[in-house]
Amino acid sequence: MTTLPQLQAMKHAGRKSVCFVAWDYQMARIADRVGADIVSVGDTVGRNLFGHPNPLEIGFEEMLFIAKGVRRGVKDALLSCDFPYGPLQAGDALSAAIRLVKEAAVDLVKLDGAADFPEEVERLTRAGIPVFAQFGITPQTSLKYGIDYSAAHTVQVPDEMTEELVAEARRLEAAGAAVLNFTNSGPVVGAAVVDAVSIPVLGGFGGGPWLDGRIRMVTAALGYDANGVDEEPDTYANVARIAFEALSACADDIRSARQVRGGIPVPDDASATERKDYRDLR
């Protein structure tokens, strides 16, 4: 099983950490079998699974429910779960984190906008709950940068913010954060932050090989996006098109009165009447 000391040792040895974002039991199992170091239940589930137009709409009970399912699929990786917008900002971080640990058995809690709440990072750390601290251009902080988060994957923090963001990273490390998630880092600022702290610095949007590791949604890696039916995505597969073709074939079998694949087979020597009776029984 992966441990936090192992992640730190990987950083110092120059080995990259892998973090996949998953929202269901089956994908969590696959990510775990791949050998992910962290499987994260991201609040991006609101946009990508539930179709919320605003990433801030997902609630805590929804995140907790999803984390429970993902936990059942994760055996070896560390399990992280995002705080949705609310508990951290309302000063209720500790009780929310305790629920995630007790009810979903998470190994880390990920705090978006943690640099503005170092005292909460310290509180959780004192309580024995490891913190995955997210900073940069994030779903919960993009507005203060004047950025629409739906376009955040196309931007990186400007180089002139290097000093400010290095200071944020050091503040989070001093508060006790176990891992950092630097979103939209860019090669200049990202590399500077990696060098400035002793804890692992991972990143999703805008990240790159200058970080200690990467975070990727399994749906993004797989091309599991309905737009992929019509457009070839820059991903490791095009699951959207595979799903479209498979469901189309299944629909054709149903409409043509053929048994669906994976159903109870119809005997090859069955008469037409027997076949009709068989279908009626189904």
Side-chain angles (χ1 to χ4, degrees), residues 16 18-59 62-63 65-74 77 79-82 84 110 112 134 137-139 142 147-156 181 183-184 202-209 211 213-256 258-263:
K16 305 297 184 183
V18 175
C19 175
F20 285 124
V21 176
W23 307 307
D24 66 87
Y25 168 74
Q26 298 294 354
M27 284 300 179
R29 288 181 65 198
I30 295 170
D32 197 56
R33 284 194 60 184
V34 165
D37 301 297
I38 301 173
V39 173
S40 178
V41 180
D43 58 4
T44 45
V45 65
R47 289 176 65 96
N48 293 281
L49 193 64
F50 296 148
H52 291 312
N54 189 322
L56 305 186
E57 291 181 35
I58 192 75
E62 293 167 299
M63 293 297 298
F65 179 78
I66 294 164
K68 290 178 181 179
V70 172
R71 171 76 278 173
R72 297 181 192 110
V74 175
L79 177 63
S80 171
C81 184
D82 284 17
K110 184 143 76 65
D112 188 340
Q134 184 174 4
I137 301 171
T138 73
S142 59
I147 294 171
D148 178 354
Y149 190 70
S150 63
H153 65 285
T154 65
V155 301
Q156 292 177 326
N181 174 14
T183 315
N184 300 77
L202 281 59
F205 281 159
L211 298 175
R214 296 302 306 280
I215 303 168
R216 192 70 171 147
M217 295 188 301
V218 291
T219 54
L222 296 174
Y224 183 47
D225 182 312
N227 293 331
V229 174
D230 304 306
E231 306 168 7
E232 194 63 43
D234 181 20
T235 53
Y236 295 91
N238 189 346
V239 169
R241 188 168 297 164
I242 293 170
F244 179 82
E245 292 170 356
L247 293 178
S248 295
C250 182
D252 287 345
D253 280 348
I254 294 169
R255 293 187 181 108
S256 301
R258 294 187 292 266
Q259 177 62 304
V260 297
R261 297 182 189 181

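These figures come from a predicted structure and were not determined experimentally. Note that these values count all heavy atoms, side chains included, but never hydrogens, waters or copies made by symmetry.
- The minimum heavy-atom distance linking Val260 with Cys250 is given by the pair CG1-SG, 4.1 Å.
- Of the possible donor and acceptor atoms, one in the side chain of Asn238 sits under 3.5 Å from a partner among the backbone N and O of Gly228.
- Contact detail for Leu211 and Leu202: the closest heavy-atom pair is CD1-C, 4.0 Å.
- Classification of Glu232 and Arg241 as a salt-bridged pair holds, one side-chain N sitting under 4.0 Å from a carboxylate O.
- Here the shortest heavy-atom pairing between Asp253 and Arg258 reads OD1-NE, 2.6 Å.
- Counting only distance, with no hydrogens or angles, the side chain of Gln156 and the backbone of Gly206 share a donor-acceptor pair below 3.5 Å.
- Here the shortest heavy-atom pairing between Ser40 and Lys110 reads OG-CE, 3.7 Å.
- In this structure, CZ on Phe205 lies 9.0 Å from OG1 on Thr183, to the nearest 0.5 angstrom.
- Within the 4.5 Å cutoff, no side-chain heavy atoms of Ile215 are placed close to those of Phe20.
- Val18 has its side chain out of reach of Ile38: every pair of non-hydrogen atoms, C-beta onward, lies at least 4.5 Å apart.
- Between Asp24 and Val70 there is no side-chain heavy-atom pair separated by less than 4.5 Å.
- Around CZ of Arg214, the count of heavy atoms belonging to other residues, nucleotides or ligands within 6.0 Å exceeds 12.
- A donor-acceptor pair is defined here as one N or O able to donate and one able to accept, closer than 3.5 Å; such a pair exists between the side chain of Glu62 and the backbone of Gly59.
- When all heavy atoms are compared, the tightest approach of Val41 to Ala67 is CG2-CA, 4.0 Å.
- Closest heavy-atom contact between Arg47 and Asn54: CG-C, 4.4 Å.
- Taking CG from Asn181 and CG from Asp112, the interatomic distance works out to 8.5 Å, rounded to the nearest 0.5 Å.
- Ile30 is not listed as a side-chain neighbour of Val218, based on a closest heavy-atom distance of 4.5 Å or more.
- Side-chain contact between Ile66 and Phe50: present, with at least one pair of heavy atoms (C-beta onward) separated by less than 4.5 Å.
- Put simply, the side chain of Asp82 gets close to the backbone of Asp43: a donor and an acceptor are under 3.5 Å apart.
- You'll find the side chain of Ile58 reaches within 4.5 Å of the side chain of Met63, heavy atoms only.
- No side-chain donor-acceptor contact under 3.5 Å links Asp32 to the backbone of Ala28.
- Applying the 6.0 Å contact sphere to CG of Asp234 captures no more than 12 heavy atoms from other residues, nucleotides or ligands.
- Residues Trp23 and Met217 form a side-chain contact, since some pair of their non-hydrogen atoms from C-beta on lies under 4.5 Å apart.
- Residues Arg216 and Val21 form no side-chain contact, since every pair of their non-hydrogen atoms from C-beta on lies 4.5 Å or further apart.
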